[in-house]
Novice: 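Sharing a structure with you now.
When reading the values below, keep in mind they use all heavy atoms of this one structure, side chains included, and skip hydrogens, waters and symmetry mates.
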Amino acid sequence: MSFQPLTQEPEIQRRWLESGAFRAKRASELLPDSKTFYMLVMLPYPSGRIHMGHVRNYTLGDVTARFRRMRGYEVMHPLGWDSFGLPAENAAIKNGIHPAIWTRANIQEMKGQIQKMGISYDWDREVASYQDDYYRWNQWLFLKMWERGDVFRAMRTVNWCEALGTVLANEQVVDGKDERTGHPVTQKPLEQYFFKTTKYADELLACLDGLDWPENVKTMQRYWIGRSEGARLAFDLDIGGEVEVFTTRLDTLFGVTFMALSTEHPVIERAAETDASLKTFCEEVAAVSREERLTSDVKLGHRTALSVIHPFTGEKVPVFAANYVLMDYGTGAVMGVPAHDERDHEFAEKYGLAIPKVIEAESAWDHGILVNSGEFTGLTTEDAVTAMVAKLGDRAGKTTTYKLKDWGLSRQRYWGTPIPTVHCDTCGVVPEKPENLPVRLPEDVAFHGVGPSPLTTSRSFLDCACPCCGRPARRETDTMDTFVDSSWYWLRYLDPNNSQLPFAKAESDAWMPVDLYVGGIEHATMHLIYARYFYKVLRDLGLASGPEPFQKLICQGMVLKDGSKMSKSKGNIVDPDEVISKYGADALRLFMTFAAPIEKEIDWTGFEGIEGASRFLKRITRMVEDHMNTAEPLPAKEQLSAEEKALLIKLNQTIQRLTDDLERRYQFNTVVSGLMELSNVLHDLPAAAPHRGAVMQHALDAFARLMSPVAPHLAEQLWSQLGHAGLCMQAAWPGLDAQYLEADEVLVVVQVNGKVRGRITVPASATEDQRRQAALACPEAQSHLAGKEIVKVVLPPGGKLVSIVVKG
RNA sequence: GCGCCCGUGGCGGAAUGGCAGACGCCGCGGACUUAAAAUCCGCUGCCGGAAACGGCGUGCCGGUUCGAAUCCGGCCGGGCGCACCA
């Protein structure tokens, strides 16, 4: 049978599904000595169509899953849908259809496309976050976290659009206006729910060291967590009360000439009530948009009528409101030491403040020895901090702060998991009872695109009984950030039908941690921090074991077209379906695997690459067609011709290399080049080779299995043609035959002073001394040795090279 | 500004301190064909040479080593992330 992917691939996909070959075992079915492998790809958003980024991601995951199955592992390889979020709601506004209908249709469409790729997902484990048997467990976990004190409520500013009467996400705000309608957007404080992620900041930081993740992702997370050791110190206000600062340089305390407070600091807000010009200043700072803040670092300040008292000198220090002090880091207040801090220096120069030097060091911003610092003069930075903390008593203490923020999970939206709390006039905000879950999204809603979330207008949703006192109460209308959905989904795959718990611990103990997680670099911080945080919470709830969910992470590069990202607006999308309907799934998979190393970008320049992949598959097919099946056993090594032996050596070297590439190196592109090299050698075997039939049968049997992870459809077809009854994907990965790993004679390179001057062939069994003698005798080397003194001869391990060092 | 990653033929890339450019794409020559496509055979880093062969060569400069694309230091260029974090 020739290469006819368009008719053959669907047929083979049907055989796979009927045989249940993709099904993963439950914990109870695993044997004590079963080796398991959990292959996970990032949860996709059902936008409507798959794109080349998905194709690349899923192909590489599938190659690994299929390879591990053939290596005898029990493999978990599931997929689901990140199916809550804004686009569905926008589509509902635009087209007048319910988000659920839009979402369901998209999932169906994309699932069909993925199935055409021949990806070996266990579809019985498919989950979708918009379904209530998924999101009820978001709610259940929320209640558990509430009980443990891991959830709290606090004020936070949001992007508020008065004209639309709604809250907007950061990416919806452009130039301080709603990007859709152009209505102005302002900042408005709102009471919202938070997860206490900072509670795990230290552990999240410490555990990074043990993870087999790309270094740049780990670095990004370390920076994101932003641990900083320093001290807190309280200054007394002249009008009573105090202001606490956080500083990493308590040793510079005698250099303080001003106090800079955030415009949102409570002390400033109170002062602004009686100080009109301060109030104006604060409003001006607040009016600066996010983008402007990011591009400009001009320092602005406003001197208040307040002062604080220096704890050692007793001098009065003026208090400023300043735009460069962030309310949500440290205490929102900074002690200004212009001589030893770059930002404070700029500020002091601008406002004419004194800049007294109190540290002697190489540069102004370095640690050093204290000067002009009273009794602390002469101490080092480190000793001074300790001494000052001791002297200041209750007023100061060493402390650690983080850039990591608590996770604000409230969204004022319809299409998300309802937060399971109730507002009661008597009891306040109280959690819903677990037995009342799920709190379902109401159906009696309309989508206008104006005004608050439809949840706030649905009587059937709003009206409820207080879980504490039973009196009429109002349901919470905030829904959860969709990052909650994606923070534990891989555990639900393990037990998708459990109606008692989000998942059974036996299942997570059997499969966790995930052995390989593949996805885009864009999730380096947010998703991958939230997911790690959730896993630690789940562990502390007794639901999961182990500190970390994802042992190995690979971030695959983007698929580009002519150097830029494929997007609808640019009109440069290459549709995977089109490629499959012309070349077949195997050709696309092969090209995606071969084109570049996994972490690099691929530029889809044209169809040359896919043509090449298709050509290779045709060549392989022809080779099997031209071969006559035989049951004749492989003859002993001594009986084989030189070419036949060479072929078997190449075969075994290829098996060894591919196994290492797939098992240890996760280097997929060289798997394909290895297959191509082997096919070239098979192709070159002379027609008259004495044992051609048996040798080719042996080699092709192995070849079909070696190509099976990358081009599984054609591998099945060839496997059948080669006379095998079962599925190739269920056959064992080829083993190594040690006698064919090395040739009888090996090539040895001869270097003179580091340059290659000759090549000799010696028996594989040659001793070091024999190799040395043969190298020295080699004529090409001789011409470079004549008249020179041999200083030494180096024979590195491996025996493939002799390095001669000469002088004169 | 700070941090991380990456610089190899016309292109994608290979080389796990040991023959730089595997494998593929493009291109060129040939076979088959009335012709074309497909397929098959061959060539293809640069300079010199008819060839044998020689020289140069992995962004640049230096170092370690018998030996460096690979390790170390400095610089140049590109990408990504963070960005007033006290």
Side-chain angles (χ1 to χ4, degrees), chain A residues 214-224 226-228 230-231 245-249 252 260 262 293-299 322-326 328-337 340-344 346-347 401-405 521-522 524-525 555 557-558 590-591 594-597 599-613 615-616 618-619 622 657 660-661 664-665 667 669-680 683 747-759 780 791-806:
Chain A
E215 207 49 49
N216 58 336
V217 175
K218 290 208 268 188
T219 306
M220 279 161 73
Q221 292 214 348
R222 284 190 191 105
Y223 197 79
W224 190 266
R227 185 189 152 96
S228 175
V245 300
F246 171 76
T247 176
T248 55
R249 293 299 301 276
T252 63
S262 166
R293 267 204 152 172
L294 291 178
T295 51
S296 160
D297 58 357
V298 175
K299 283 168 191 56
N323 70 338
Y324 74 96
V325 181
L326 307 173
D328 53 7
Y329 181 78
T331 60
V334 173
M335 61 180 216
V337 184
H340 303 290
D341 181 279
E342 208 169 349
R343 297 151 303 189
D344 296 346
E346 189 186 333
F347 190 83
T401 63
Y402 301 88
K403 286 188 212 169
L404 183 74
K405 310 273 192 301
I521 186 79
E522 65 273 20
T525 43
C555 293
M558 285 197 300
L590 191 78
F591 170 70
F594 182 52
E599 68 283 353
K600 290 193 76 170
E601 294 169 342
I602 291 180
D603 200 333
W604 188 287
T605 44
F607 286 82
E608 287 94 352
I610 194 98
E611 295 271 8
R615 228 172 355 241
F616 170 73
K618 282 181 201 155
R619 207 152 42 215
R622 219 175 302 124
R657 173 175 163 189
D660 194 44
D661 282 350
R664 185 179 63 85
R665 302 217 300 161
Q667 181 164 291
N669 54 330
T670 49
V671 169
V672 178
S673 52
L675 287 170
M676 287 173 167
E677 278 182 46
L678 178 57
S679 85
N680 289 342
H683 186 84
L747 184 75
V748 174
V749 169
V750 182
Q751 288 185 348
V752 179
N753 282 354
K755 288 196 173 179
V756 177
R757 295 299 182 183
R759 296 173 178 84
E780 296 94 333
V791 180
K792 65 171 158 177
V793 180
V794 183
L795 283 100
K800 287 188 290 188
L801 183 132
V802 177
S803 181
I804 303 166
V805 185
V806 297

Novice: Look at all strands and tell whether A/S803 reaches a base, only sugar-phosphate, or nothing, counting heavy atoms closer than 4.0 Å.
Specialist: base
Novice: Under 4.0 Å, counting only non-hydrogen atoms across every strand here, what does A/D328 touch: a base, just sugar-phosphate, or nothing?
Specialist: nothing
Novice: Using a heavy-atom cut-off of 4.0 Å across all strands, would you classify A/V749 as base, sugar-phosphate, or nothing?
Specialist: base
Novice: How is A/D660 classified with respect to the nucleic acid when contacts are heavy atoms under 4.0 Å: base, sugar-phosphate, or nothing?
Specialist: base
Novice: Nearest 0.5 Å, what's the CG-CE distance between A/D603 and A/M558?
Specialist: 10.5 Å
Novice: Hey, would you say the A/W224 and A/Y402 ring centroids sit under 6.0 Å apart?
Specialist: no
Novice: With no hydrogens and no angle check, is any side-chain donor or acceptor of A/Q221 less than 3.5 Å from a backbone partner on A/A524?
Specialist: yes
Novice: Taking atom P in both B/C66 and B/C5, what distance in whole Å separates the two?
Specialist: 29 Å
Novice: Within the 4.0 Å heavy-atom criterion, would you say A/K792 contacts the bases, only the backbone, or no part of the nucleic acid?
Specialist: sugar-phosphate
Novice: If you round to the nearest 0.5 Å, how far is CZ of A/R222 from NZ of A/K218?
Specialist: 6.0 Å
Novice: Categorize A/G612 for me: base, sugar-phosphate, or nothing, with a 4.0 angstrom heavy-atom threshold over every strand shown.
Specialist: sugar-phosphate
Novice: Does B/G42 pair with anything, Watson-Crick or G-U wobble, both distances under 3.5 Å, and if so, with which nucleotide?
Specialist: B/C28
Novice: Taking atom types as they are modelled, would you say the side chain of A/K403 forms a donor-acceptor pair with the base of B/C82 within the 3.5 Å cutoff?
Specialist: no
Novice: Would you measure the distance from the P atom in B/U8 across to the matching atom in B/A69 and give it in whole Å?
Specialist: 14 Å
Novice: For A/V298, does its backbone N or O pair with a side-chain atom of A/N323 as donor and acceptor, under 3.5 Å?
Specialist: yes
Novice: Measure from the side-chain heavy atoms of A/V325 and tell me the nearest of B/A86, B/C26, B/G3.
Specialist: B/A86
Novice: In whole Å, what is the span from the CZ atom of A/F591 to the P atom of B/G24?
Specialist: 15 Å
Novice: Work out how far the P atom of B/G59 is from that of B/G54, and round it to whole angstrom.
Specialist: 25 Å
Novice: Please produce a list of atom pairs where a protein N or O lies less than 3.5 Å from an N or O of nucleotides 36-43 of chain B.
Specialist:
from  : atom 1 : to     : atom 2 : distance (Å)
B/U39 : O3'    : A/R622 : NH1    : 3.2
B/C40 : OP1    : A/R622 : NH1    : 3.3
B/C41 : OP1    : A/H683 : NE2    : 3.1

Novice: What does B/C23 pair with, Watson-Crick or G-U, if both distances are under 3.5 Å?
Specialist: B/G12
Novice: Take atom C1' in B/C72 and the same atom in B/G17, then report the distance between them in whole Å.
Specialist: 13 Å
Novice: Kindly point out which of B/U16, B/C23, B/G13 is positioned nearest to the side chain of A/R664?
Specialist: B/U16
Novice: Both conditions, 6.0 Å and 45 degrees, for the charged tip of A/K403 above the ring of A/Y223: are they met here?
Specialist: yes
Novice: Charged N to carboxylate O under 4.0 angstrom, A/R657 versus A/E677?
Specialist: yes
Novice: Can you check whether any acceptor in the base of B/U16 is under 3.5 Å from a donor in the side chain of A/R657, or vice versa?
Specialist: no
Novice: So does A/V806 get a backbone contact from the side chain of A/N753, meaning a donor-acceptor N/O pair under 3.5 Å?
Specialist: yes
Novice: Starting at CD of A/E342 and ending at C1' of B/G1, how long is that distance when rounded to a whole Å?
Specialist: 8 Å
Novice: How many angstroms lie between atom CD1 of A/I521 and atom CG of A/N216, to the nearest 0.5 angstrom?
Specialist: 4.5 Å
Novice: Can you tell me the distance, in whole Å, between the NE2 atom of A/H340 and the P atom of B/A86?
Specialist: 17 Å
Novice: Pick base, sugar-phosphate or nothing for A/P214, based on heavy-atom distances below 4.0 Å to the nucleic acid.
Specialist: nothing
Novice: Rounded to the Å, how far apart are A/K800 NZ and B/G17 C1'?
Specialist: 12 Å
Novice: Counting the atoms with a prime plus P, OP1 and OP2 as sugar-phosphate, which does A/K218 contact under 4.0 Å by heavy atoms, base, sugar-phosphate, or nothing?
Specialist: nothing
Novice: Using atom P of each nucleotide, how far apart are B/G24 and B/C41 to the nearest Å?
Specialist: 11 Å
Novice: At under 4.0 Å between heavy atoms, what does A/V298 touch on the DNA or RNA strands: base, sugar-phosphate, or nothing?
Specialist: base
Novice: Paired with B/G3: which nucleotide, if any, by Watson-Crick or G-U wobble criteria at under 3.5 Å for both distances?
Specialist: B/C80
Novice: Tell me what A/L747 touches on the nucleic acid: a base, only sugar-phosphate, or nothing, going by heavy atoms under 4.0 Å.
Specialist: base
Novice: Look at the side chain of A/S673 and decide which nucleotide, out of B/C23, B/C26, B/U16, has an atom nearest to it.
Specialist: B/C23
Novice: Could you tell me the separation between the CG atom of A/D344 and the NZ atom of A/K299, rounded to the nearest 0.5 Å?
Specialist: 9.0 Å
Novice: To the side chain of A/R757, which of B/A14, B/G55, B/G18 is closest?
Specialist: B/G55
Novice: What is the distance, to the nearest angstrom, from the OH atom on A/Y223 to the P atom on B/C80?
Specialist: 18 Å
Novice: How far does the P atom of B/C23 sit from the matching atom of B/C40, given to the nearest Å?
Specialist: 16 Å
Novice: Provide the distance between the two P atoms, one in B/G12 and one in B/G62, to the nearest whole Å.
Specialist: 28 Å
Novice: Suppose you measure atom C1' in B/A83 against the same atom in B/G77; what distance do you get, rounded to whole Å?
Specialist: 23 Å
Novice: By the 4.0 Å heavy-atom rule, please label A/Q751 as base, sugar-phosphate, or nothing.
Specialist: base
Novice: Could you check whether the rings of A/Y329 and A/F246 sit parallel, tilted or perpendicular, using 30° and 60° as the cut-offs?
Specialist: perpendicular
Novice: Which base, if any, makes a Watson-Crick or G-U wobble pair with B/C75, both distances under 3.5 Å?
Specialist: B/G59
Novice: Measure from the side chain of A/V794, starting at C-beta and using heavy atoms only, and say which of B/A15, B/G3, B/C66 lies closest.
Specialist: B/C66
Novice: Which is more 5' along RNA chain B, the nucleotide nearest A/A596 or the one nearest A/D341? Just name the residue.
Specialist: A/A596
Novice: Which of these nucleotides, B/C66, B/C19, B/G13, is closest to any side-chain atom of A/K600?
Specialist: B/G13
Novice: Pick the closest RNA chain B nucleotide for A/E611 and for A/S228 by heavy atoms, then say which residue is nearer the 5' end.
Specialist: A/E611
Novice: Taking atom P of B/G24 as reference, at what distance in whole Å does atom CD1 of A/I602 sit?
Specialist: 18 Å
Novice: Could you work out which one of B/A20, B/A15, B/G13 sits closest to the side chain of A/N669?
Specialist: B/G13
